[in-house]
Amino acid sequence: MARERRSKKEIIIAKIDALDEKITGYANKIAALTDEKEALQAELEELNAAQKKAEEEAQMKEVITIMKSKNISIDELKQMVENKE
């Protein structure tokens with residue numbers, strides 16, 4: 001059986017084609033990872049917003065508790081804040 005030899009040019013072209021395929025594969029992986037990263041960043045932003053809202057609600061509950069314990073109305077609290085400014 002005689003093997004057909006490829007020319008140096010054919011070998012180089014084949015190597016370039018193989019590298020192009022790898023590059024395409026890596027580009028697709030990068031795109032998929034970028035999409036995953038963006039989804040995770042959006043989820044993180046939602047979590048941060050929810051945490052901030054929960055902290056604000058906790059502070060408001062604390063203010064209300066203090067107001068009730070000191071028998072302070074909203075108008076009295078406003079006046080106290082305005083007088084301190």
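Note that the coordinates shown come from a computational prediction; the quantities given were computed from them, not determined experimentally. Numbering starts at 1 and runs along the sequence shown. In what follows, every heavy atom counts, from backbone to side chain, and hydrogens, waters and symmetry copies are set aside.
Atom CD1 of Ile74 has 12 or fewer neighbouring heavy atoms from other residues, nucleotides or ligands inside a 6.0 Å radius. Atom CG of Asn71 is surrounded by 12 or fewer heavy atoms from other residues, nucleotides or ligands within 6.0 Å. Heavy-atom neighbours of Glu76 CD from other residues, nucleotides or ligands within 6.0 Å: above the threshold of 12. Heavy-atom neighbours of Glu10 CD from other residues, nucleotides or ligands within 6.0 Å: above the threshold of 12.
Both Met80 and Met67 are members of a single hydrophobic cluster when ILVMFWY side chains are connected at heavy-atom separations under 4.5 Å.
Put simply, CD1 on Ile12 and CG on Asp17 are 12.0 Å apart, with the number rounded to the nearest 0.5 Å. Between the CE atom of Met60 and the OG1 atom of Thr65 there is a distance of 10.5 Å, given to the nearest 0.5 Å. Taken to the nearest 0.5 Å, the NZ atom of Lys15 stands 9.0 Å off from the CG atom of Leu19. Taking OG from Ser7 and CD1 from Ile13, the interatomic distance works out to 7.0 Å, rounded to the nearest 0.5 Å.
Residue pairs meeting the side-chain hydrogen bond (donor to acceptor under 3.5 Å, both in side chains) criterion with at least one partner in residues 37-54, sequence neighbours excluded, are Gln51-Glu55.
By the side chain to side chain donor-acceptor pair (under 3.5 Å) test, Glu62 is found to be paired with no residue, residues two or more places apart in sequence or in another chain being considered.
Val63 has its side chain within reach of Leu77: a pair of non-hydrogen atoms, C-beta onward, lies under 4.5 Å apart.
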Below 3.5 Å, can you tabulate the donor-acceptor pairs from side chains in residues 24-31 to any protein atom, sequence neighbours excluded?
| residue | atom | partner | partner atom | Å |
| --- | --- | --- | --- | --- |
| Thr24 | OG1 | Asp20 | O | 3.0 |
| Asn28 | ND2 | Thr24 | O | 3.4 |

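Here the closest heavy-atom approach between residue Ala14 and residue Arg6 is recorded as CB-NH1, 3.7 Å.
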